[in-house]
2 protein chains.
Amino acid sequence: MSDSHYQYPKHHVAVDCIIFGYEKDILKVLLSHRRFQPAQGDWSLIGGWIREEETAEKAAERVLVEITGLKDIYLEQVEVFSKLDRDPGGRVISIVFYAMIRLDKHDSVLAEKHGTGWIAYNKIPKLVFDHEQMLLAAHEKLKLKASYELIGQNLLPTKFTLTQLRKLYEAIFQRKFDPGNFRKKVLSLGMLEKQTDKNTSDSKKGAYYYRFENKEENLIRDNIVKRF
Amino acid sequence: MSDSHYQYPKHHVAVDCIIFGYEKDILKVLLSHRRFQPAQGDWSLIGGWIREEETAEKAAERVLVEITGLKDIYLEQVEVFSKLDRDPGGRVISIVFYAMIRLDKHDSVLAEKHGTGWIAYNKIPKLVFDHEQMLLAAHEKLKLKASYELIGQNLLPTKFTLTQLRKLYEAIFQRKFDPGNFRKKVLSLGMLEKQTDKNTSDSKKGAYYYRFENKEENLIRDNIVKRF
DNA sequence: ACAAAAGTGTTTCGGCTACACCCATGC
DNA sequence: GCATGGGTGTAGCCGAAACACTTTTGT
């Protein structure tokens, strides 16, 4: 596709981001409470236009920096939504991304200023346009990734206990995992490094902290969750 | 994203399709031999522009009809490629799809007219721009799908033997599967319907034909190929 | 008779599951 | 002492993998 581009139609192209965060055993999503028309007062995903001089990924990063103040966020493409009437304001092609961010790091003042809020995944209100479908697609993709790769690096604090990691998985998959089996499974991957100190606030006995080893080989692909 | 669209930049948006076909135990891809500048003589994927009044999926379907004469083709989104310089002719955002088509059904005269050819997957020549990356991404997605769903419906003739199905899988994964185990695995899914007639051309003994049962429950999600 | 694919049966092995059970500690 | 989460051990089960073996038929 390269000859005489200029005679062909051009389109408005946007990015919409599903920003996952994790706090108090709950998977959350950063949503925006629209303060103007159309759909004023409704909740929507965080999005923005793609500029002429930026890739879709750069646009998503820019939007994330504007809202959360965070750079170097984990981002993954989900899907393109291009129905003609998906946005009542006009024909807009939207490229959907999901992001994982560490809630403890994010700039809440900035988020507040943009009228955003962290909403528990299982308590998502009605969203504008096709944003619910986008959210579902992003969640499926997140589960798929978490099922064959150990995630958590981008959602948990640097140091975490295995119970915290398990509860993250329980929040993502909305189901329980056997504590003993989960522990054995994730440790067998050899991606976690045991620390010498313990967390004593979540239990009486105290649980050792772990952290992700930053090896190159950490692209381990194994079945962590078999079916879902 | 809906207020005052008109002040925001618009982009050229294209679709590029990786069209998979299967013939003589070989996985093939339909490529186009460019007959004009730029990159004249080079091979490229089949693509086209998205029109104002069509979705990305519709654009891909239209392109496929133009080239193969086939409607109702299996299509799946792969990924968006949006690097600024990916197309030397200008800034083009490309939405990549892969398709599976039955080679026995396709219109070879039409394809010929467009300067296209079926190339074996493991003998792909150098492709223009970022089309090689697109092809790799599409192949990964195809393998992922084939690993948890029984595919073949869209690549094989209506009637096929289990050996033909196995060889399709071997072509997709570029590895061998144990004939006995493969047979037991796919039959255990209960998605195939044994026919009364046999194929006698591929072997002396003859092998029963099977066909896909067209049940709704055929959305079975199981591990057909564990790791790859 | 032999080769070659079709089709069935069997054994082994590893991993997941479901537990039981001990440990450490705050109350 | 007892409740609670931390952590270890183990028996059973299921499915994948490896491979032996029998069937059928064209040459």
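Within every chain, numbering begins at 1; the chains are lettered A, B, ... in the order of the sequence lines, protein sequences first and strands thereafter. Quantities reported herein were computed from a predicted structural model and do not represent experimental measurements.
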Flag the pair Glu170(A) and Arg175(A) as a salt bridge only when some basic side-chain nitrogen lies within less than 4.0 angstrom of an acidic carboxylate oxygen. no

Any cation-pi pair here, Arg211(A) with Tyr209(A), using under 6.0 Å and within 45°? no

Just the rounded figure in Å: distance from P of dG15(D) to NZ of Lys185(B). 8 Å

Quick check on dA6(C): is either OP1 or OP2 less than 4.0 Å from any side-chain nitrogen or oxygen of Arg183(B)? no

Quick check: closest heavy atoms across Arg86(A) and Asp130(A), and the distance to 0.1 Å? NE-OD2, 2.6 Å

Hey, is the side chain of Thr163(A) poking within less than 4.0 Å of OP1 or OP2 on dG6(D), counting only N and O atoms? yes

Could you tell me the separation between the CG atom of Leu162(A) and the P atom of dG7(D), rounded to a whole number of Å? 7 Å

Between Lys159(A) and Asp197(A), does any NZ, NE, NH1 or NH2 come within less than 4.0 Å of an OD or OE carboxylate oxygen? yes

Rounded to whole Å, how long is the line connecting atom CG of Asn223(B) with atom C1' of dA17(D)? 15 Å

Over how many whole Å does the gap from Lys176(B) atom NZ to dA17(D) atom C1' extend? 17 Å

Which nucleotide in dA18(D), dG6(D), dA18(C) has an atom nearest any side-chain atom of Asp178(A): dA18(C)

Checking only heavy atoms, does the side chain of Asn181(B) share a donor-acceptor pair with the base of dA18(D) at less than 3.5 Å? yes

Give a yes/no answer on whether the side chain of Lys205(A) brings an N or O atom under 4.0 Å of OP1 or OP2 in dG7(D). no

Does anything in residues 193-201 of chain B come within less than 4.0 Å of DNA chain C? Heavy atoms only, and list the residues if so. none

Output the rounded distance in Å from CZ (Arg175(B)) to C1' (dA16(D)). 11 Å

Between P on dG6(D) and CZ on Phe177(A), what's the gap in Å once rounded to a whole number? 17 Å

For atom CZ of Phe182(B) and atom P of dG9(C), their distance in whole Å: 20 Å

Could you please name the option among dG7(C), dA18(C), dG6(D) that lies closest to any side-chain atom of Lys184(A)? dA18(C)

Does any donor atom in the side chain of Gln164(A) or Asp202(A) lie under 3.5 Å from an acceptor atom in the other side chain? yes

How about Phe212(B) and Phe160(B): are their ring centres within less than 6.0 Å of each other? yes

When Tyr208(B) and Lys204(B) are each assigned the nearest nucleotide of DNA chain C, the 5'-most assignment goes to Lys204(B)

Taking atom OH of Tyr208(A) as the centre, report whether more than 12 heavy atoms of other residues, nucleotides or ligands fall under 6.0 Å from it. no

Whichever of Asp202(A) and Gly180(B) has the more 5' nearest nucleotide on DNA chain D, that residue is Asp202(A)

In whole Å, what is the span from the NZ atom of Lys167(A) to the P atom of dT4(D)? 13 Å

